[in-house]
Amino acid sequence: MTTSPTPPDAVTRILAAIRAVPAGQVAGYGHIAARAGLPGRARLVARVLREHHAPSLPWHRIVRSDGAIAIPRTSPGFDEQVRRLRREGVVVTNGRVRMPAAETPDTLDAVLWGPAARR
DNA sequence: ACGCTGACATTGT
DNA sequence: AACAATGCCAGCG
């Protein structure tokens, strides 16, 4: 299998994907990576976010796939992210946000085996 | 080149 | 929910 080289404009596309997230909504790192045409490059998205914390960039809308804030609570950025999210109407409890319905779709298993089968 | 580390994801306990 | 094991890839020493 040929290696999938990281395109030179990967960062640009990642930034575009982040900016595409509407206010009041959150997206996971993998989601952003996939949207940027870089499936499986979630860690690259994390690196980009750490470097490019520009004011125009809605960095606070990016959380982990399980809805948890990706930065340690002891970090100063943590509180600010929570503030920014709440300002947009996002419910944040204990460093964790409720993932939007689109991000937590019912799987076929859930339909067949019942809600109890959901993770 | 080698091993670690990291604002991650997925799967299985 | 929490932890461990893998996979992933870019920097750094």
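Heavy atoms only: backbone and side chains are in, while hydrogens, waters and symmetry mates are out. A, B, ... follow the sequence lines: proteins, then strands. Residue 1 opens every chain.
The nucleotide whose nearest atom lies closest to any side-chain atom of R41(A) is, among dA9(B), dC8(C), dG11(C), dC8(C). Taking only side-chain atoms of A46(A), from C-beta outward, the nucleotide of dA9(B), dA7(B), dA10(C) with the closest atom is dA7(B).
Contact record, P7(A) with R13(A): CG-NH2, 2.7 Å, taken as the closest heavy-atom pair.
The nearest whole Å value for the distance from the CD1 atom in I14(A) to the P atom in dA10(C) is 10 Å. When the P atom of dG6(B) is taken as reference, atom CD of E51(A) falls 14 Å away, rounded to whole Å. In this structure, CG of L57(A) is placed 16 Å from P of dA7(B), rounded to the nearest angstrom. Rounded to whole Å, atom C1' of dA7(B) lies 12 Å from atom CZ of R47(A). In this entry the distance linking CG of D66(A) with P of dT11(B) reads 14 Å, nearest Å. Rounding to whole angstrom units, CZ of residue R50(A) and P of dA7(B) are separated by 6 Å. Per the geometry, CD1 belonging to I32(A) stands 13 Å off C1' belonging to dA7(B), to the nearest Å. For the pair I69(A) CD1 and dC8(B) P, the computed distance is 11 Å after rounding to whole Å.
Between the side chain of Q81(A) and the backbone N or O of H60(A), at least one donor-acceptor pair lies under 3.5 Å.
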Hey, mind stepping through R43(A) and Y29(A) against side-chain contact (heavy atoms from CB on, under 4.5 Å) and telling me if it holds? CA-CA 8 Å; R43(A) 296 196 98 136; Y29(A) 289 80; over 6 Å; no
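The side chain of S65(A) places no N or O atom within less than 4.0 Å of a non-bridging phosphate oxygen (OP1 or OP2) of dC8(B). R43(A) has no side-chain polar atom (N or O) that falls below the 4.0 Å cut-off from OP1 or OP2 of dC9(C). Taking only side-chain nitrogens and oxygens, S75(A) never comes nearer than 4.0 Å to OP1 or OP2 of dA7(B).
Ion pairing of R84(A) with E80(A) is present here, as a side-chain N (NZ or NE/NH1/NH2) and a carboxylate O approach within less than 4.0 Å.
Taking atom P in both dA7(B) and dT6(C), one finds a spacing of 23 Å when rounded to whole Å.
Of the options R98(A), R83(A), R86(A), a side chain to side chain contact (heavy atoms under 4.5 Å, CB included) to V92(A) is made by R86(A) and by none of the others.
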